[in-house]
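Every chain is numbered from 1 and lettered A, B, ... according to where its sequence line falls, protein lines coming before strand lines. Bear in mind that the values here come from a model prediction, so they are computed numbers and not experimental data.
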Amino acid sequence: MISSLKRIIAIGRNTLTEAVRQRVLSVLLIFGLVMVACSVFFSKLLIDEQIKFVKDFGCGAIGLFGFAIALLSTAQLIPQELHNRTIYTILAKPVRRVEFLLGKFLGVVLLLSLSVMLMSIAFAGALYWQEWQGIDSTQIGYDQRTPHWQSSPDMVNMYQRDILEIENQVRDPQLIEAILLIFAKLVMTSGIALLISTFATSSIFTIVTTFMIYLIGHMETVARQVWLGRGAETTLYQSGFLGILSLLIPDMNSFTIVDEILAGNRVPWAHTFNLLGYAGVYLIVLLALSEISFRYREL
Amino acid sequence: MNTTLPLWFRLRRAFFFALLLGLWAPVKIVWEQHIAHEQDLLRYHDVPMTRELRDELGQGLTIGMLSGMRSVVADLVWLNVTVAWEDEQWFKMEGYINLCTSLQPRSITFWDIGGWQLAWNASVSAMYDRKQPDPMKRLKASRFWIQKGLEVYLRGIENNPEHFDMWAATARLYEQRLGDYEKAAYYYEQASLRPDALAFYERFPAIMYGKAGDDQAAFAAWTRLWNRLTPEQRLEKQHQLGAWQYAAIRKLEDKLSIPKEKRVFPN
């Protein structure tokens, strides 16, 4: 068991090293960091709008570039090994196929963790920059409106309230929930790509199919509701089609609850854990399916 | 493929696939329905993708929205609000505000700033429109935009009844733009009852009733406020209240000839 774990970790570490060396992924990460940092340049907007924009664009960039990294890195895991013929050398050693698969996936998860962490640090930096700007502009606003406002207790109270409001918006602990949910969605996307890559013959096929599943996943809620009879009337064929979609495709739309967090609404941790649990179990199913598919694949 | 092998063996991959999916699928549906139910309870409104919405957003933003980037799409549309404001294209601005609030109905920033743009900026601009020589027409146009701003705020309350900001913004509009102090009092009172409401909102209804000339209601509001406090809080409050507020209450008590035992400040 421990030796099996060691083999998985060794393959995972190797996959991470390979991925880090790839220029495409590094460029994507740099673009992600730049986009997060650029979100502070909406200077024409009011302070509330600016903070909202930084949050939305920051999390949007983490989601978008994380998705690209997840998709590209996972899609080429197995095809690249087959193309370079390294898979035969590895599997000729006492490494089981499941260990190879889990090790590869672990490498991608590590890569995603690293990317999300780096982009989150940039995001936090952008938010603190925005807070600093907001406090600065608030003070200038008070100075311009009332020259000696510090001598009035009411004005000082109002100023402190404005500053507190900015701080509350920026230092929102719920943003951790948002980042976790984005990460869970990215890992799920990787799981889907891994499953497809176990039977696909090219990376392009994996990328396109995963992207389509990702898009359909955002509409799965609608398909499910209609299938369960809570929407428009459907024919038997339509219902059958929607049923298959609902049963197979993951519900990606539930993760857009991140928007609620970014809008400043409270999302209880219990609900976040429910979503993370769903992603976790779905991932186990995807890995199990990948294992079945890969075990019986003729190499 | 070796056809001498039994069929189930040849199709074992598909068989195991179907078995696992068959076990997982019912759990998946129940779980997803549970998540959806929880999100309904959280008043999380998803935006249905309609033909009209797709036409308004354009192809790029529609794909962005379908990829789960709804907040970013809403922000990109919102940038047009600022541009329309600078260009004083008020009808365009109203359209963008409505689109953004439809995309993110739980974003207080959009409702709050959207209503303010219409009821203050658009309305004041219409009032001082140099191209319109008729003052009555200018007044009418100004009122039109105030009404539009009010509609935005009321829809904001409908979507976010638990947020004090929406109630307070509506109250401010009634107070500052329409001079309807009775309604302003009602909305300030509602704002003060919401969680996280700023403490001073609880005094505003009484002040608004006073401005409206309804002394009885103002006095009743002050008394209600006073009766909510514990004796310790009353001492503290008496110390905290500004001289003018104290004077206002005393004035009301004298004006309405309130008997000593019913006064807020009997001494």
Side-chain angles (χ1 to χ4, degrees), chain A residues 42 44-46 48-49 51-53 55-57 59-61 63-64 67 154 161 185 199 214-215 217-222 224-225 228 246-248 250-260 262-268 270-271 274-275 277-278 281-282 285 288-289 292-293 295-297, chain B residues 1 12-13 15-17 19-29 31-36 38-39 41-46 48-49 63-76 78-79 81-83 86 103-110 112-113 116 160 162-163 198 200 242:
Chain A
F42 293 106
K44 271 187 177 180
L45 304 172
L46 301 170
D48 282 0
E49 291 172 313
I51 293 172
K52 183 185 183 312
F53 272 51
K55 282 184 184 176
D56 289 345
F57 276 80
C59 283
L64 182 68
F67 173 70
D154 280 350
R161 205 193 61 236
K185 197 172 161 184
F199 56 80
Y214 182 81
L215 282 187
H218 283 95
M219 290 175 272
E220 190 266 356
T221 318
V222 182
R224 192 177 68 245
Q225 298 302 346
L228 293 173
S246 309
L247 291 168
L248 294 180
D251 179 9
M252 294 287 190
N253 198 46
S254 295
F255 290 85
T256 48
I257 193 96
V258 169
D259 288 343
E260 289 291 293
L262 299 180
N265 297 309
R266 288 214 180 97
V267 174
H271 185 68
N274 195 4
L275 279 168
Y278 169 79
V281 175
Y282 211 109
V285 174
L289 290 170
I292 293 167
S293 172
R295 192 197 305 167
Y296 298 115
R297 181 170 176 167
Chain B
M1 189 181 277
R12 61 196 185 284
R13 183 158 79 166
F15 171 75
F16 285 125
F17 245 82
L19 183 71
L20 190 55
L21 284 175
L23 289 171
W24 164 240
V27 180
K28 172 188 181 288
I29 295 293
W31 201 335
E32 285 171 355
Q33 284 296 99
H34 176 66
I35 289 171
E38 270 190 6
Q39 294 190 344
L41 291 178
L42 287 167
R43 297 180 60 83
Y44 171 47
H45 300 279
D46 196 13
M49 178 51 80
I63 292 173
M65 208 182 128
L66 291 177
S67 313
M69 298 270 168
R70 189 158 54 104
S71 54
V72 176
V73 169
D75 287 353
L76 290 173
W78 187 258
L79 288 175
V81 171
T82 311
V83 174
E86 285 171 348
L103 285 171
Q104 274 204 298
R106 299 274 288 156
S107 169
I108 300 299
T109 309
F110 286 159
D112 196 6
I113 297 175
W116 168 74
N160 305 279
E162 78 282 13
H163 276 272
L198 301 171
F200 55 73

Task: Region of A:M219 in contact with chain B, defined by heavy-atom distances below 4.5 Å - done: side chain

Task: chain B contact via A:I51 - side chain, backbone, both or neither, heavy atoms under 4.5 Å - done: neither

Task: B:Q104 and A:D56: CA distance, side-chain angles, deciding distance, side-chain contact (heavy atoms from CB on, under 4.5 Å) verdict - done: CA-CA 12 Å; B:Q104 274 204 298; A:D56 289 345; 4.2 Å; yes

TODO: Can you tell which part of A:L262 gets under 4.5 Å to a heavy atom of chain B, answering side chain, backbone, both or neither?
DONE: side chain

Task: Shortest non-hydrogen contact from B:F17 toward A:S293 - done: CE1-CB, 3.7 Å

Task: Heavy-atom pair with the smallest gap, counting every atom of B:W31 and A:Y278 - done: CZ2-N, 3.2 Å

Open item on the list: Less than 4.5 Å apart, side chain to side chain, heavy atoms only: is that true for A:V267 and B:Y44?
Closed with: no

Task: Side chain proximity check, B:S71 to A:V258, heavy atoms < 4.5 angstrom - done: no

TODO: Tell me, for A:F67 versus chain B, whether the close heavy atoms (under 4.5 Å) come from the side chain, the backbone, both or neither.
DONE: neither

Task: Nearest-0.5 Å distance that lies between atom CD1 in B:I35 and atom CD1 in A:I257 - done: 10.0 Å

TODO: Could you tell me whether a side-chain N or O of B:K28 sits under 3.5 Å from a main-chain N or O of A:S246, the two making a donor and an acceptor?
DONE: yes

TODO: Hey, could you give me the CD/CD distance between A:E260 and B:Q39, rounded to the nearest 0.5 Å?
DONE: 8.5 Å

Task: Side chains of B:V27 and A:V281 in contact at under 4.5 Å (non-hydrogen atoms) - done: no

Task: A:D259 side chain near B:R106 side chain, heavy-atom distance below 4.5 Å - done: no

- [ ] Over 60° means perpendicular and under 30° means parallel, so classify the ring planes of B:F16 and A:Y296, tilted if in between.
- [x] parallel

Open item on the list: If I take atom CG from residue A:L64 and atom CE from residue B:M69, how far apart are they, to the nearest 0.5 angstrom?
Closed with: 4.5 Å

TODO: Starting at CZ of B:R13, measure out to CG of A:L289 and round the result to the nearest 0.5 Å.
DONE: 11.5 Å

Task: Spacing of B:S107 atom OG and A:E49 atom CD [to the nearest 0.5 Å] - done: 9.5 Å

- [ ] Specify the closest pair of heavy atoms between A:A288 and B:L20, including all atoms of both residues, with the distance to one decimal.
- [x] CB-CD2, 3.5 Å

- [ ] For the residue pair A:D48 and B:T109, confirm or rule out a side-chain donor-acceptor distance under 3.5 Å.
- [x] no

Open item on the list: Restricting to non-hydrogen atoms, name the atom on A:Q225 and the atom on B:A36 that form the minimum distance, rounded to 0.1 Å.
Closed with: NE2-CB, 4.3 Å

Open item on the list: Looking at chain B, which one of A:R297, A:E220, A:M252 has the largest number of heavy-atom pairs inside 4.5 Å, strictly under?
Closed with: A:E220

Open item on the list: Tell me whether A:R266 is salt-bridged to B:E162, with the criterion being a basic N under 4.0 Å from an acidic carboxylate O.
Closed with: no

Open item on the list: Can you confirm whether B:L21 sits close enough to A:L247 that some side-chain heavy atom of one is under 4.5 Å from a side-chain heavy atom of the other?
Closed with: no

Open item on the list: Taking side chain to side chain contact (heavy atoms under 4.5 Å, CB included) as the definition, give me every residue that meets it alongside B:V81, ordered by chain and number, with sequence neighbours left out.
Closed with: B:W78, B:M93, B:Y96, B:I97, B:Q117

TODO: Give, as side chain, backbone, both or neither, the part of B:L66 having an atom under 4.5 angstrom from any heavy atom of chain A.
DONE: both

TODO: Among B:E32, B:H163, B:H34, B:E38, single out the residue with the greatest number of heavy-atom pairs under 4.5 Å to chain A.
DONE: B:E32

Open item on the list: Once rounded to the nearest 0.5 Å, what's the spacing between atom CG of B:L76 and atom CZ of A:F57?
Closed with: 4.0 Å

Task: By salt bridge (Lys or Arg N to Asp or Glu O under 4.0 Å) - contacts of A:R295 (at least two apart) - done: A:E291

